[in-house]
Amino acid sequence: MKTDFDALVIGAGFAGLYMLHRLRQLGFSARVLEAGGGIGGTWYWNRYPGARCDIESLEYSYQFSPELQQEWRWTERFATQSEILRYIEHVADRFDLRRDIQLDTRVTAARFDDRSGTWEVESERGTVTARFVIMATGCLSSTNVPRFPGLDSFAGGTYHTGRWPHEGVDFTGRRVAVIGTGSSAIQSIPLIAAQAAHLTVFQRTPAYSIPAHNGPIDPEFLREVKGDYAGFRTRNAALPFGANFPLNETLVSQATPEEREREYESRWQRGGLGFITAFGDLLLDRDANATAADFVRRKIREIVKDPAVAERLSPKQILGCKRLCVDSGYYATFNRPNVTLVDVSETPIEAITPRGVRVAGVVHEVDAIVFATGYDAMTGALAAIDLRGRGGRSLREKWAAGPRTYLGVGTAGFPNLFIITGPGSPSVLSNMVPAVEQHANWIGDCLAWLRAKGLDRIEATTAAEDAWVDHVNEVASLTLYPSCNSWYLGANVPGKPRVFMPYLGFPVYVMKCDEVAANGYEGFETTANGWAGRAPRRR
Ligand code: NAP
């Protein structure tokens, strides 16, 4: 059956844009459907004060075009949301992507037609058909706003960090509540505190945060990277998180207390997420982890003047078990006279009232509430679409007890459906931009292979999927990651099954994907339906 496009890509963030470019290079016809009024995904929506990336700009960028890498000039070590969005806009223009992107098009459903082996994708704007559907819907795009009783009764303004008004919000003279203390809160709290009359922070779990020490990119480092960008990328891809976090393989027990202190201090001074690779066993051994956690708690006590506030801000869980945060002046913000910290770990938020937030019978009066309450991570955006595979099977139902994928890229029962950085792939435990490029390249190669072989249907087998899910769980169980209530486990969303979703180990994963491809897409079943044989389109 003839379809409107060879492939439909859902989402125009980093993943969808590069997927479109790759499909075009390979001669496939494609269209991107995007819910937002602009491109950029995360960087289109997350416009809260202080929003920036906590992976360094030189790495949090595409590598598919050496010219683009050389030309683009990042101004800061950690780029702001607006600079990243400018970069994405530039990429879209430079590679003429916009003509195949349809904005303001929220996909509501997609159905696989068994007979024709094609997909029908539905949005408010009608139905489009394609042989392949590629979900580029993002890992952290479906916002989570807890259902606090009385939420709708609040008289002031409410904002979620991930859906920030484009015109910005002026908090001058206002009393503001921030609910949550994850990465988004930690970035926005210092700026909101500097503007608002008063800021009340509602903290359920304190987070470990490492200073960013942001600033202009060191010109020498920039020269070095641009002198051998490919080498920089290759070296980073070989590191466990696929990012330039220098790996010290020494175990904590092999280092003297002085050596440990020196290592932690130097990582703290360097700033950023590389703190987590200070020793080889921080995510494997509780005692080792405790030494790093103690170091950060000491730093908090040094920065925060009120010992009781410092104690409340000090996390108790395993460091790195919830994603580490990176900040600019977060802990010091609690020294300001206009900032109050309310601990809601023992006494949860009871309700939102017309005038504020009620905890333990006390209403904390505010004029605005910022929900920095995170996302229905990894599965939320996929579950928001009524995806129906072979025989009308629903993805929501299939994943009711937790997501099941083969390599995070395919799922049994859903032929010709690909997921970019899906659950079961390194995704959020790696540098996202190289991770989406790796997936988009792999998917593109797979489609080209199918075409060359005269095949037009591909589906992960249940056996391969079961083995992969077991493997993902086994790897996670060797680490300390499952030990706390993180969004990696879905634990932040009430009722979500507790399953560790990302795959740990970017380099091993890439090898596995390459091996699967080299072995004729081992673990996938392929068939011919009739589309095959058509001459590839070239643009
Ligand atoms: P998050 O890390 O999930 O943090 C959500 C916060 O809201 C947590 O402190 C959570 O407490 C709290 N919360 C949730 N429900 C609550 C409730 N009912 N009552 C009280 N508190 C509640 O979300 P996020 O900060 O938006 O970050 C999500 C991820 O996005 C990050 O981990 C990171 O991967 C990414 N991100 C990256 C950057 C960056 O690159 N710089 C910036 C922002 C976000 P609990 O911890 O107790 O659940």
Side-chain angles (χ1 to χ4, degrees), residues 14 41-43 45-57 59-60 76-81 84 138-149 151 159-164 177-189 200-210 212 214 241 243 271-273 313 315-317 320-328 330 341-352 357-359 369-378 380 421 427-433 435 484-496 501-502:
F14 267 109
T42 285
W43 304 104
W45 297 106
N46 278 264
R47 296 169 190 244
Y48 59 84
R52 60 174 76 240
C53 188
D54 56 15
I55 301 273
E56 298 191 28
S57 327
E59 304 181 63
Y60 192 83
E76 290 175 87
R77 181 178 172 201
F78 296 105
T80 58
Q81 171 271 333
I84 300 171
C139 297
L140 294 156
S141 48
S142 176
T143 54
N144 169 45
V145 178
R147 295 202 184 105
F148 296 116
L151 187 56
Y159 311 94
H160 188 284
T161 50
R163 290 287 178 276
W164 204 258
V178 171
I179 301 179
T181 51
S183 298
S184 305
I186 277 175
Q187 289 185 332
S188 57
I189 281 170
T200 309
V201 177
F202 294 85
Q203 171 190 269
R204 186 165 68 182
T205 313
Y208 292 96
S209 188
I210 311 297
N214 189 32
F241 295 96
L273 296 170
L313 284 169
K316 309 288 182 289
Q317 73 273 14
C321 169
K322 284 174 186 267
R323 191 176 180 282
L324 268 190
C325 300
V326 176
D327 72 282
S328 297
Y330 173 66
L341 179 66
V342 177
D343 180 349
V344 295
S345 59
E346 308 272 309
T347 48
I349 293 170
E350 290 165 356
I352 306 292
V357 181
R358 195 173 79 218
V359 179
I369 301 176
V370 174
F371 292 97
T373 42
Y375 298 88
D376 182 353
M378 307 208 70
T421 60
S427 54
V428 293
L429 285 179
S430 65
N431 178 358
M432 286 304 296
V433 183
C484 70
N485 291 326
S486 69
W487 58 254
Y488 297 135
L489 277 164
N492 62 326
V493 175
K496 191 166 172 174
M501 294 180 283

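Along the sequence shown, residues carry numbers from 1. Side-chain atoms are counted along with the backbone in the values below, which use heavy atoms only and exclude waters and symmetry mates. All values derive from a computational prediction rather than experimental measurement. Counting starts at 1 for both ligands and their atoms, in listed order.
By the 3.5 Å distance cut-off applied to N or O atoms, Thr205 is counted among the residues near ligand 1. Looking at Trp487 next to ligand 1, an N or O pair under 3.5 Å apart turns up. Residue Asn492 has no N or O atom closer than 3.5 Å to an N or O atom of ligand 1. In terms of polar-atom proximity, defined here as any N/O pair under 3.5 Å, Tyr48 makes no such contact with ligand 1.
The option from Lys322, Gln317, Arg204, Met432 that lies nearest to atom 22 (C) of ligand 1, judged by heavy atoms, is Arg204. The closest non-hydrogen atom to atom 24 (P) of ligand 1, taken over Gly182, Ala185, Cys325, Ser184, comes from Ser184. Checking Arg323, His160, Gln203, Arg147 against atom 33 (C) of ligand 1, the nearest heavy atom belongs to Arg323. Residue Leu140 holds the heavy atom nearest to atom 35 (C) of ligand 1 of all those in Leu324, Asn46, Thr143, Leu140.
Protein heavy atom closest to atom 8 (C) of ligand 1, with residue, atom name and distance, is Thr181 N, 3.9 Å. For atom 31 (C) of ligand 1, the closest non-hydrogen atom of the protein is Ser183 OG, 3.6 Å. The protein non-hydrogen atom at the shortest distance from atom 6 (C) of ligand 1 is Ala372 O, 3.2 Å. Considering only non-hydrogen protein atoms, atom 12 (C) of ligand 1 sits nearest to Gly180 CA, 3.6 Å. The protein atom (non-hydrogen) at minimum distance from atom 23 (O) of ligand 1 is Gly374 CA, 3.1 Å.
With rounding to the nearest 0.5 angstrom, the CG atom of Asn431 is 12.0 Å from the CZ atom of Phe241. For the atom pair CE (Met501) and CG (Leu489), the distance works out to 7.5 Å, reported to the nearest 0.5 Å. Ser328 OG to Asp54 CG: the interatomic distance, rounded to the nearest 0.5 Å, is 10.5 Å.
When all heavy atoms of Ser183 and Arg323 are compared, the closest pair comes out as OG-NH1, 3.8 Å. In plain terms, the two heavy atoms of Leu151 and Pro146 that are nearest each other are CD2-O, 4.0 Å. Contact record, Gly272 with Ile210: O-CG2, 3.5 Å, taken as the closest heavy-atom pair. Across every non-hydrogen atom of Tyr375 and Val493, the tightest pair is O-CG2, 4.0 Å. Nearest heavy atom pair, residue Ile369 against residue Ile179, reads CG2-CD1, 3.9 Å. Counting all heavy atoms, side chain and backbone alike, Thr421 lies closest to Cys139 at O-SG, 3.3 Å.
Of all the heavy atoms of Phe78, none lies under 4.0 Å from any atom of ligand 1, so neither backbone nor side chain is involved. Contact annotation for Ala207 and ligand 1: no heavy atom of the residue comes within less than 4.0 Å of the ligand. Contact annotation: for Phe148 versus ligand 1, heavy atoms closer than 4.0 Å belong to the side chain alone. The proximity of Arg52 to ligand 1, defined as any non-hydrogen pair under 4.0 Å, is limited to the backbone.
Checking side-chain atoms of Thr373 against main-chain N and O of Asn144 turns up a donor-acceptor pair under 3.5 Å. The backbone N or O of Phe78 lies less than 3.5 Å from a partner atom in the side chain of Asn214, making a donor-acceptor pair.
Taking every heavy atom of Gln187 and a limit of under 4.0 angstrom, the matching atoms of ligand 1 come to 39 (C), 41 (N), 42 (C). Residue Pro146 approaches ligand 1 through these ligand atoms, each under 4.0 Å from one of its heavy atoms: 15 (N), 16 (C), 17 (C), 18 (N). In the vicinity of Tyr375, heavy-atom distances shorter than 4.0 Å reach the ligand 1 atoms 26 (O).
Distances shorter than 4.0 angstrom do not occur between any heavy atom of Asn485 and any atom of ligand 1. Heavy atoms of Phe202 stay at 4.0 angstrom or farther from ligand 1. The closest approach between Thr373 and ligand 1 falls below 4.0 Å for a heavy atom of the residue.
With sequence neighbours excluded, the residues forming a side chain to side chain donor-acceptor pair (under 3.5 Å) with Arg52 are Glu76, listed by chain and number. Taking the side chain to side chain donor-acceptor pair (under 3.5 Å) definition, one finds that Thr161 meets it with nothing, sequence neighbours left out.
Looking at heavy atoms from C-beta onward, Cys325 lies out of side-chain contact with Tyr330 at the 4.5 angstrom threshold.
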